[in-house]
**Student:** 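Dropping a structure here in structure tokens format, bear with me for questions.
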Protein chains: 2
Amino acid sequence: MAQLLDGTSPETRPGPARILDVAELASVSVATVSRVLNGDSRVNHELRERVLASASQLGYRPNRLARNLRRRQMDVIGIVVPDIENPHFAAMVRVVEAIALGLGHRVLVCNTDEDGDRQAACLQMLADERVSGIVLSPSGPDGGIDHLRDLAIPVVTIERALRNGPADAVVADNVAAVRAATRRLIDAGHTNIAFVGGYSRVNAISMRQRGYLTAIEEAGLAPVLIGGQFLCDPAEVAVTALLRAKRPASALVVANNLMALGAIRAVRRAGLRIPGDVAVIAVDDPPWAELLDPPLTVLAQPIHAMATRAVEFIVRRLGGDQSPPVHDVFPLKLIVRRSCGTGHLP
Amino acid sequence: MAQLLDGTSPETRPGPARILDVAELASVSVATVSRVLNGDSRVNHELRERVLASASQLGYRPNRLARNLRRRQMDVIGIVVPDIENPHFAAMVRVVEAIALGLGHRVLVCNTDEDGDRQAACLQMLADERVSGIVLSPSGPDGGIDHLRDLAIPVVTIERALRNGPADAVVADNVAAVRAATRRLIDAGHTNIAFVGGYSRVNAISMRQRGYLTAIEEAGLAPVLIGGQFLCDPAEVAVTALLRAKRPASALVVANNLMALGAIRAVRRAGLRIPGDVAVIAVDDPPWAELLDPPLTVLAQPIHAMATRAVEFIVRRLGGDQSPPVHDVFPLKLIVRRSCGTGHLP
DNA sequence: TTGAAAGCGCTAACAT
DNA sequence: ATGTTAGCGCTTTCAA
């Protein structure tokens, strides 16, 4: 009798049609409408047709806000990255968005600026929103992960495993790759090789630093670590200072593409040439790497494959998989161009 | 008496604390808790303290899903861009995210791939989610805008004004800027200048094309329009074909940074030199433009200022402003580097 | 197979 | 100034 108690007819009622309006027009209950709309199979064919017709006649669109409350979940995947202007993370967001869309999910993006507090705030916010899952590219400490597990929100980290919050992780083999790249410079005769990175101990950059240090130590050389805050301009400043030192480096291992830009600019402005005066190898293979002069030798990350795998993990957990967290490791690929000055080596 | 009727004590109840739990612990009504949490001033100081203490003791976090339903709105700003991997749009998203965060809003990102149908789907989806506002960088026809106005969701377009759905717009002065840039090449003696762009008639690219055509026609030259689909690889293919033509162009006006990458690669692979064989001017000033060899002459868009203004429009409309839509025009800035071969001109 | 009805947790209109 | 209560629109038992 709800229909009759509702004094307003569908035509006069303002605003978007509700499920009740569809039910009335089709002369069925709201439960039946809901079943049809959610693909519940056990509903009479004729009723289904009536419901569908009414819904389309009214231009009915389910109110997701109500749906979310009832189901205690938004169909949204959160993605937390240090900086979406970094082409590396932009590619990640792109892949996650494309796949999420296919799963009927939206994507909420958060930038952390490599700030642990902001990361924690983002995670808290995404928890408050009851997102379905989170893809996290960690920067800073592992704040807030426990809270997410309490809410049964699956988290997958990309680029770095979490310490105290076991979660699936998709990581690149940074240590081995950077070690090999550094080794290559050493084999080419360089004895003063600097590493351009942040000073972070919490993300992929630190793994790259470890790879660099390993190679340097193995060769009995002295390490030179300089900052860069993961960004272009700070890296330029740091490299400029380095090049003015008494014994400037003859080779640079740069920990990401943004800092590579800054480092190269610094070398140019110092009037030095690449690779003649300074050899350069950088991590990340942005589209412009091969167009620089000289083309940049890089360690390319299979970012699309990694992001895809990350979403697969989320989907698996959403499907109820309770098995222990997995760490998937992807290899980096060395692409030798001219900036490292060792193109003639194997 | 609701407290007493609720048979479970706060300690035993599983899951996150609700507003009712806080109310019980503080011995006040849920309305008072809600008032405190929403900054309603007319609440007794002592009660406020009690509520705050209880909330913090329980680790209470408001359930946004319920809040959203009740308020019929998510505190979310949707941003619809053709391709977030394009540094231009990445910067836009970044700015919008930062400002939105300050306003207590989250950001939902959608890629359209320059596809009108996908854009319409994104808009519909954002409407379904009842986002607070939408920043749209249009590609394809203006599908779905009416619908958004029915729901009183403010929309601001960036880079292009909408035809049939009056909305605030933040646009760049593409026609004038590209016309001036083309004119520069003409004045330098070029008579065979090609425009590398898509064939779209619906977005900023078409305005740039118009600017090019205007300058070419004014000079009595023959226009050469080639495709590129706004992307790197297609542009490379198109430019490669162009350079193999009987009378290859001696100058290129490229409509965005992605296509510039492809165009430059094509010129290189054809064994030609910039600017000697082919002069190049491109729209957009990505960070790598000045590091190319030769550094790229560009038309830089004040993207940060534009994105900021876009959010300001949203905020203004959210504040109830009903005044007629505004179109704000931002000038593009010509940055002369060496790729255009006319550095000696004023 | 279908319908009635009970909430999901919050806000806000109304009552005190 | 504070409390009571009626929904927001939907999904999902439970009963028929």
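Proteins get letters first, then strands, A, B, ... in listed order; numbering begins at 1 in each.
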**Student:** Would A:Arg67 and A:Asn38 count as having a side-chain donor-acceptor pair, cut-off 3.5 Å?
**Tutor:** yes
**Student:** Once you round to the nearest 0.5 Å, how far does OH of A:Tyr60 lie from CG of A:Leu52?
**Tutor:** 12.5 Å
**Student:** Can you measure B:Leu20 atom CG to C:dG9 atom C1' for me and round it to whole angstrom units?
**Tutor:** 10 Å
**Student:** From C-beta outward on A:Arg67, which listed nucleotide comes closest to its side chain: C:dG3, C:dG9, D:dC10?
**Tutor:** D:dC10
**Student:** Just jot down the side chain to side chain donor-acceptor pair (under 3.5 Å) partners of A:Asp40, sequence neighbours excluded, or say none.
**Tutor:** A:Arg42
**Student:** Just the rounded figure in Å: distance from C1' of D:dC10 to CZ of B:Arg72.
**Tutor:** 13 Å
**Student:** Counting side-chain heavy atoms from CB outward, which of D:dC10, D:dT2, C:dG9 is closest to B:Leu47?
**Tutor:** D:dT2
**Student:** Would A:Arg94 and B:Asp113 count as a salt bridge (Lys or Arg N to Asp or Glu O under 4.0 Å) if you check the C-alpha gap in whole Å, the side-chain angles of each, and the deciding distance to 0.1 Å?
**Tutor:** CA-CA 11 Å; A:Arg94 180 71 135 109; B:Asp113 291 322; 2.6 Å; yes
**Student:** Quick check on DNA chain C: between A:Ser41 and B:Pro16, whose nearest nucleotide comes earlier from the 5' end?
**Tutor:** A:Ser41
**Student:** Round to the nearest Å and state the distance from B:Asn68 atom CG to C:dC8 atom C1'.
**Tutor:** 13 Å
**Student:** What is the distance, to the nearest angstrom, from the CG atom on A:Asp40 to the C1' atom on C:dG3?
**Tutor:** 14 Å
**Student:** Expressed as a whole number of angstroms, how long is the span from A:Asn63:CG to C:dC8:P?
**Tutor:** 18 Å
**Student:** Grab the CG-P distance between B:Leu69 and D:dG9 for me, whole Å please.
**Tutor:** 7 Å
**Student:** Is any NZ, NE, NH1 or NH2 atom of the basic residue among B:Arg316 and B:Asp168 found under 4.0 Å from an Asp or Glu carboxylate oxygen of the other?
**Tutor:** no
**Student:** Just do the side chain to side chain donor-acceptor pair (under 3.5 Å) check on A:Glu97 and A:His105 with the steps written out, would you?
**Tutor:** CA-CA 8 Å; A:Glu97 198 256 358; A:His105 284 244; over 6 Å; no
**Student:** Is there any protein nitrogen or oxygen under 3.5 Å from a nitrogen or oxygen in nucleotides 12-16 of chain D, and what are the pairs?
**Tutor:**
unit_1: D:dT12; atom_1: O4'; unit_2: A:Arg70; atom_2: NH2; d: 3.3

**Student:** Are B:Arg64 and A:Asp128 close enough for a salt bridge, meaning some N to O gap below 4.0 Å?
**Tutor:** no
**Student:** Angle, rounded to 10°, between the helical axes spanning five pairs at each terminus of the helix from C:dT1-D:dA16 to C:dT16-D:dA1?
**Tutor:** 40°
**Student:** In whole angstrom, what separates A:Met74's CE from D:dC10's C1'?
**Tutor:** 16 Å
**Student:** Nearest whole Å is fine: how far is C:dC10 P from A:Asp128 CG?
**Tutor:** 11 Å
**Student:** For a quick test of reading the model, state the closest non-hydrogen atom pair linking A:Val51 to A:Leu37 and the distance between them.
**Tutor:** CG1-CD1, 4.4 Å
**Student:** side-chain contact (heavy atoms from CB on, under 4.5 Å) with B:Phe313: which of B:Thr157, B:Val155, B:Val170?
**Tutor:** B:Val170
